[in-house]
Amino acid sequence: MPLTVEPWVLREPTLDVDDLARTAALLTVANGHLGVRGVLEEQRPSVPAGTLLSPVHERYPHGYAEHAYGYPDHEDRLEPVVDACGVALDVDDEPFDVRTGTLEHHERRLDLRTGVLEREAVWTSPGGTTVEVRTRRWVSLVRRELVVATYEVRAPRGARVRVRPVPGCAGPSSDASGPGLVTEACGHEDGATWVAQRTVLAGVGAVLATAHAVSASGDARHRWASAPHGRALEADLGAGGAVRVTTHAAYACGRRPVENLLADARAVLSDAADAGDDALEAEHRAFLDDVWERADVVVEGDHELQQAVRLAVLHTVQAAAAVEGTGLRAKGLTGTGYHGHTFWDAESFVLPVLDHVLPTAAAAHLRWRHATLPRAVERARTLGLPGAAFPWRTITGTECSGYWPASTAAVHVTADITLALVRHVAVTGDTELEREIGVDLLVHGARFWMGRGHHDADGAFHLHGVTGPDEYTAVVDDNTYTNLVVARSLAAAVDVTGRRPDDARRLGVDDAERARWAAAADRVVVPYADDLGVTEQSAGFTRHPGWDFARGPDGWTPYEDRVHYTELYRHQLVKQADLVLALVVAGDRFSTEQKRRDFAYYEPLTVRDSSLSASVQAVVAAELGHLTLAHAYTRECAFLDLHDLRRETQEGVHVAAMAGTWDALVSGFGGLRLDGTAVRLAPRLPPGVSRLVFRVQADGSRLEVDARRDEVTYRLLTGDRLPLRHGDEPLVLTSAEPEVRRALEPVAEPTPPRQPPGREPRT
């Protein structure tokens with residue numbers, strides 16, 4: 001897809017019909033509850049999964065060649081629902097299809113400021129009739145069930161047109177024999193339609209209700225007429241005449257009868273009609289204006305990266321804005337990749353950004369995790385353990401992964417969730433959320449770790465048989481990342497139960513149990529290779545044989561697609577930042593010199609077969625002064641989907657990489673670090689960037705950082721007082737003295753470590 005580089009617009013100036021699946025992901029408009037992918041309204045050619053609702057899923061039984069105790073019996077998958085924005089257009093009895101006739105012009109624009117997708121097309125039918133089609137659609141970020149779309153047809157020399165809204169309704173289906181989504185009922189009348197669907201095994205219903213307002217110009221004459229399973233608008237357009245259909249669509253979903261869901265959807269439409277189109281769009285725009293006030297990152301000197309980070313922020317917000325009652329999906333609602341599951345990257349990569357740019361969404365996701373706590377407790381009991389074991393991949397809170405070495409063994413997910421809660425409270429000052437759900441999460445997490453780990457004869461605390469972030473090294477002892485996040489989770493549990501004794505007593509926590517948590521946190525093992533002077537990714541990792549890169553695979557084919565896991569697991573080959581991620585998450589546990597040695601050791605081993613890697617490597621590279629390398633990694637992260645570097649964007653964008661773009665700039669070149677509620681910043685710009693401006697939160701206050709090549713300005717935007725550190729220098733911003741400037745010294749870049757052959761950053 002050819003794209004123009006513009007600071008606030010993602011523009012597709014021509015149409016490539018072979019690339020529609022990818023553009024459908026990139027041009028999605030969504031709010032976290034409802035997503036409308038960038039498919040053509042006429043759905044010719046057809047692109048799967050035009051509209052997704054976060055709660056609407058189906059159960060698919062797992063088929064195991066060899067079943068064993070504790071394996072999940074099914075997985076949940078997101079199911080696409082009928083498209084409210086779909087339109088069937090006939091021009092002089094010929095179907096509008098961009099593959100036939102002559103497509104004179106076609107352009108689509110996603111406005112990053114407003115989240116509105118617009119389209120212009122000029123098409124001449126095989127019979128010689130020319131029409132101009134203009135469309136516009138957006139998903140409300142305020143009313144999470146609502147979609148607003150317009151479809152306008154203009155005939156420069158006159159035409160007879162037929163427009164059928166919601167053509168995806170094929171009428172009720174009696175086929176409910178296997179997993180999937182079936183249509184239970186529908187109703188159609190002039191200017192309105194409704195469709196009720198339900199997943200067969202999971203029993204989740206979805207009802208779409210629409211209202212279509214018609215306007216015409218010139219001497220156009222129009223009328224509603226019968227159509228199979230619906231109604232169609234027929235219009236006779238004179239030269240220059242036009243007809244426009246404005247659709248308000250509302251979705252309701254849940255395990256309730258059709259009539260209840262239909263009543264809910266119609267209530268949304270009624271409220272929208274009472275508000276009026278101008279007010280609906282104004283409230284949606286105000287929501288995004290507030291987001292951009294907090295979230296925008298200004299990158300001067302790299303125009304491509306400037307556009308990419310704004311697209312990344314929009315997709316991150318669209319994946320999260322209305323997630324109440326559901327979790328953040330790894331693909332958002334831009335596609336059905338990963339079957340619509342939530343993973344640990346929500347807490348470890350997306351929430352750290354949302355804490356600053358959309359904290360209400362971060363809190364909603366954490367509340368959803370807390371709502372699934374009973375299922376996590378049940379999973380821990382299945383494993384024979386106390387506390388709560390949160391799932392590796394899930395939609396409802398149950399474990400969906402049947403491959404246990406990379407899922408059930410990846411126990412760090414429980415610590416990732418608890419630490420996300422701790423970090424959110426530190427950034428936002430939301431102590432009420434800590435009281436509401438934090439104590440529960442931390443106590444159940446601590447009890448899980450005490451059951452999962454053990455002390456040796458010398459008192460050291462170990463976690464054996466675990467898988468860290470690196471999925472090419474599985475079921476190991478004492479993964480450093482896992483051990484360090486567990487230690488922090490245990491320490492946080494000690495802290496919160498000490499500050500909230502009533503909640504601790506409610507959960508049966510006494511001083512003896514807290515002392516055991518503290519001892520384990522203090523004595524957690526961090527394996528170290530004395531002969532090499534580097535921290536080991538896991539115990540004995542540096543004694544594994546190195547990988548012979550002459551074995552391939554060639555190019556950017558993922559190793560797991562060409563090499564058996566038994567070979568991957570026994571070599572020093574790293575799928576994604578693992579030990580290097582520990583250098584970020586627990587950076588205070590490592591000296592700068594140790595970080596330098598560790599980064600140099602693991603860079604040549606890390607093949608980045610995961611979308612979660614480049615942003616982490618960018619942050620550490622920037623901290624260590626490898627600014628050019630950090631810039632390259634930031635661009636790789638930013639362009640992962642925009643340039644389809646992994647050839648899989650058609651399955652949906654990588655939301656964690658989108659969020660990681662913001663983090664690479666803010667935590668990498670901005671040097672943002674949080675120690676409790678204390679903020680430390682150490683800005684340093686790479687040669688290709690002349691200015692970086694961003695805003696962050698700390699303990700409820702908001703701070704702007706404006707870094708240029710030789711100077712940085714810190715501005716307190718909200719709050720009365722904010723202590724921070726500029727490098728090692730303590731500063732205090734107050735409402736009376738809200739601005740401080742400091743000089744930035746040039747950085748002499750050391751020689752960067754090499755990457756695996758052929759795996760240099762892709763920019």
Side-chain angles (χ1 to χ4, degrees), residues 8-11 27-36 38 41 51 83-87 107-121 132-154 163 165-166 190-194 208-218 220 222 224 233 235 241-252 264-296 310 313-314 317-318 321-322 324 358 360-361:
W8 284 102
V9 176
L10 183 64
R11 186 188 305 272
L27 298 176
T28 294
V29 289
N31 61 20
H33 174 78
L34 165 63
V36 180
E41 283 80 2
T51 298
D83 296 319
C85 296
V87 170
E107 178 177 288
R108 291 190 287 178
R109 300 177 300 275
L110 177 61
D111 188 322
L112 306 181
R113 284 190 187 274
T114 64
V116 174
L117 177 64
E118 295 181 318
R119 174 193 180 202
E120 295 176 356
E132 300 170 357
V133 173
R134 292 182 175 88
T135 72
R136 192 171 186 269
R137 71 173 73 151
W138 52 278
V139 170
S140 176
L141 291 166
V142 177
R143 305 173 188 233
R144 69 179 192 161
E145 305 92 350
L146 183 68
V147 185
V148 179
T150 60
Y151 192 91
E152 179 182 295
V153 184
R154 181 176 299 274
V163 178
V166 198
D190 293 355
T193 191
W194 63 270
L208 164 67
T210 64
H212 311 287
V214 181
S215 60
S217 63
H222 59 85
W224 288 100
L233 181 71
V243 64
R244 172 187 291 185
V245 179
T246 299
T247 297
H248 289 176
Y251 288 91
D264 288 349
R266 284 175 167 166
V268 172
L269 290 182
S270 177
D271 289 344
D274 290 343
D277 283 354
D278 290 344
L280 291 175
E281 193 151 357
E283 68 186 19
H284 169 79
R285 177 64 186 266
F287 183 99
L288 264 181
D289 284 347
D290 182 60
V291 165
W292 286 118
E293 176 69 17
R294 286 178 275 113
D296 190 28
R310 284 175 175 153
V313 168
L314 179 64
V317 169
Q318 288 191 152
E324 292 87 354
L358 196 58
T360 54

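Each residue takes its place number in the sequence, starting with 1.
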Residue that, paired with Leu110, satisfies side-chain contact (heavy atoms from CB on, under 4.5 Å) out of Val116, Thr28, Val29: Val29

Heavy-atom closest pair, residues [X] and [Y]:
X      : Y      : value
Thr210 : His212 : OG1-NE2, 2.9 Å
Ala84  : Leu208 : CB-CD1, 3.7 Å
Gly38  : Arg137 : CA-NH1, 3.9 Å
Ala149 : Cys85  : CB-SG, 3.9 Å
Ala279 : Ala275 : CB-O, 3.3 Å
Thr246 : Thr150 : OG1-CG2, 3.5 Å

What is the distance from atom [atom1] of [X] to atom [atom2] of [Y], rounded to the nearest 0.5 Å?
X      : Y      : atom1 : atom2 : result
Arg109 : Arg136 : CZ    : CZ    : 10.0 Å
Leu233 : Asp190 : CG    : CG    : 9.5 Å
Gln318 : Leu141 : CD    : CG    : 6.5 Å
Arg113 : Asp289 : CZ    : CG    : 8.0 Å
Glu293 : Leu288 : CD    : CG    : 13.0 Å
Glu118 : Arg11  : CD    : CZ    : 9.5 Å

Ignoring hydrogens and angles, tell me if any N or O in the side chain of [X] forms a donor-acceptor pair with the backbone of [Y] under 3.5 Å.
X      : Y      : value
Arg108 : Leu27  : no
Tyr251 : His33  : no
Asn31  : Ala321 : no

Beyond-backbone contact of [X] with [Y], side-chain heavy atoms, under 4.5 angstrom:
X      : Y      : value
Val268 : His248 : no
Thr51  : Leu34  : yes
His284 : Arg143 : no
Val313 : Asp296 : no
Glu120 : Glu132 : no
Glu145 : Asp264 : no

Does atom CG of Asp274 have more than 12 heavy-atom neighbours from other groups under 6.0 Å away?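 Yes, enclosed.
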
Give me the ring orientation class for Trp8 and Trp292: parallel if the planes are under 30° apart, tilted from 30 to 60°, perpendicular past 60°. perpendicular

Kindly determine whether Val243 and Val214 satisfy side chain to side chain contact (heavy atoms under 4.5 Å, CB included), including the steps that lead there. CA-CA 7 Å; Val243 64; Val214 181; 3.9 Å; yes

How far apart are the C-alpha atoms of Asp111 and Trp138, what are their side-chain angles, what is the distance that settles it, and do they pass the side chain to side chain contact (heavy atoms under 4.5 Å, CB included) test? CA-CA 10 Å; Asp111 188 322; Trp138 52 278; over 6 Å; no

